[in-house]
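Because the structure is predicted, anything quoted here is derived from the model rather than measured. Note: hydrogens, waters and symmetry copies are ignored here, and every other heavy atom, side chains too, is used.
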2 protein chains.
Amino acid sequence: MVNSRFSVAIHILSLIASTKNNSHALTSDFIASSVNTNPVVIRRISSQLKKAGLIVSHAGLSGYELALSPKDITLLDIYRAVQAPEDLFAIHDNPNPNCAVGKQIQSTLDDVFSSVQQAMESKLQEETLQDILDHLFS
Amino acid sequence: MVNSRFSVAIHILSLIASTKNNSHALTSDFIASSVNTNPVVIRRISSQLKKAGLIVSHAGLSGYELALSPKDITLLDIYRAVQAPEDLFAIHDNPNPNCAVGKQIQSTLDDVFSSVQQAMESKLQEETLQDILDHLFS
DNA sequence: CCCATTGTAACTATCATAGTTACAACTGTG
DNA sequence: CACAGTTGTAACTATGATAGTTACAATGGG
């Protein structure tokens, strides 16, 4: 299962997007109380979003702002910001190379799994933060 | 990341499919040496495949056989056999209901995430064990 | 100079996973 | 029937990822 950083990241970005004016009210403490977690967890994920160029913030200065319009932030952007670049499916390692199946299984699974992962990522790319906002406030 | 039981299950089924005759030679020990793990890990996953109706085996009698033709076993069947019925994406729990975003985020993410998961599962359903075999022995 | 805040390092508790040991239950064979 | 070999499972362990937490340096505004 994909960890909850992705879902928390979407929550954070939704809060930032829906607080355009008065953005300095968005402290990590405030966000943490909405997400219901520790402020450091928020700052940690915000840091990843910042490195990915999705948000802007300044040490010592409260608040976070979007670096892009919600319609220009896809869920894939967010996913990749908080997810270490890894494959969706684990493949067991060191299968027996002296076995016809063991010898070929890794490259076979690599191919098949990456096509499935591609399907998932395409779907993530179709959805933007704006779609999330529309759904939240409809 | 999806655990390696899925990849091991595909490995097991590939071995069974490619050993139609002499199926009693397929002990969990032999399969384990191809996968490169402990025989109990193989028996544990085989047990799940058996419960899902994908393979047949008998206590005390060595060997495993497919219960269906490789073209009738989809990767989704295998995935569901070894994966507890769970969502692909975790959603953080207990968001603050006194916050406009916190109140709606779970149902919003439920909707969006399940459509993404659906895309992935559709792709898994398109691929069969026969496709894996074709790839393995091409 | 303070105070509040961001950014991060470091530690901890919890949990899933895979590996392992052990053993009951079963089957065919001598 | 006894035995050897096998499947099926329970129970335990080691490892690693995750999220939560404490602590504190660095920064900027009042």
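In this structure, CG of N94(B) is placed 15 Å from P of dA19(D), rounded to the nearest angstrom. Rounded to whole Å, the distance from CG on D29(B) to P on dT6(D) is 7 Å. With rounding to whole Å, E65(A) atom CD is found 13 Å from dT6(C) atom P. Taking atom CG on L61(B) and atom P on dT7(D), their separation rounds to 9 Å, with Å as the unit. As rounded to whole Å, 16 Å separates atom P of dT6(C) from atom NZ of K51(A). Between the P atom of dT21(C) and the CD1 atom of I42(B) lies a distance of 16 Å, rounded to the nearest Å. In this structure, CZ of R43(B) is placed 12 Å from C1' of dA24(C), rounded to the nearest angstrom. Across the protein-nucleic acid pair, N36(B) atom CG and dA18(C) atom C1' stand 13 Å apart, rounded to whole Å.
Counting only distance, with no hydrogens or angles, the side chain of N36(B) and the backbone of S33(B) share no donor-acceptor pair below 3.5 Å. Counting only distance, with no hydrogens or angles, the side chain of S28(B) and the backbone of I42(B) share no donor-acceptor pair below 3.5 Å. The backbone N or O of L15(A) lies less than 3.5 Å from a partner atom in the side chain of T19(A), making a donor-acceptor pair.
In this structure, T27(A) does not reach the dT5(C) phosphate: none of its side-chain N or O atoms is under 4.0 Å from OP1 or OP2. Side-chain N/O atoms of S47(A) include one lying less than 4.0 angstrom from OP1 or OP2 on dT8(C). Taking only side-chain nitrogens and oxygens, T37(A) comes nearer than 4.0 Å to OP1 or OP2 of dG20(D). Dashed line: the shortest gap from a side-chain N or O of R5(A) to OP1 or OP2 of dA19(D) is under 4.0 Å. For S57(A), a side-chain nitrogen or oxygen approaches OP1 or OP2 of dG7(C) to under 4.0 Å.
For A90(B) and A59(B), each mapped to the nucleotide of DNA chain D holding its nearest heavy atom, the one lying further toward the 5' end belongs to A59(B). Between P39(A) and M1(A), the one whose closest nucleotide on DNA chain D sits nearer the 5' end is M1(A). Of the two residues contacting DNA chain C, namely D93(A) and K50(A), the nearest-nucleotide position lying further toward the 5' end is that of K50(A).
Looking at heavy-atom distances under 4.0 Å, S4(B) makes contact with sugar-phosphate atoms alone, never a base. Among the protein residues, H92(B) comes within range of no part of the nucleic acid, since none of its heavy atoms lies under 4.0 Å from any strand. Here F30(B) lies out of heavy-atom contact (under 4.0 Å) with every strand. The residue N3(A) sits close only to the backbone: its heavy atoms come under 4.0 Å of sugar-phosphate atoms, none of a base.
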Exercise. Would S57(B) and E65(B) count as a side chain to side chain contact (heavy atoms under 4.5 Å, CB included) if you check the C-alpha gap in whole Å, the side-chain angles of each, and the deciding distance to 0.1 Å?
Worked result: CA-CA 7 Å; S57(B) 65; E65(B) 288 179 76; over 6 Å; no
Exercise. Are I73(B) and T128(B) close enough, and set up right, to give a side chain to side chain contact (heavy atoms under 4.5 Å, CB included), and what steps lead you there?
Worked result: CA-CA 5 Å; I73(B) 298 180; T128(B) 69; 5.9 Å; no
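There is a path of hydrophobic side-chain contacts, each under 4.5 Å, that joins L13(B) to F137(B).
With hydrogens and angles ignored, a donor-acceptor pair under 3.5 angstrom links the side chain of R44(B) to the base of dT20(C).
Out of dG8(D), dA23(D), dA19(D), the shortest distance to the side chain of V41(A) is found at dA19(D).
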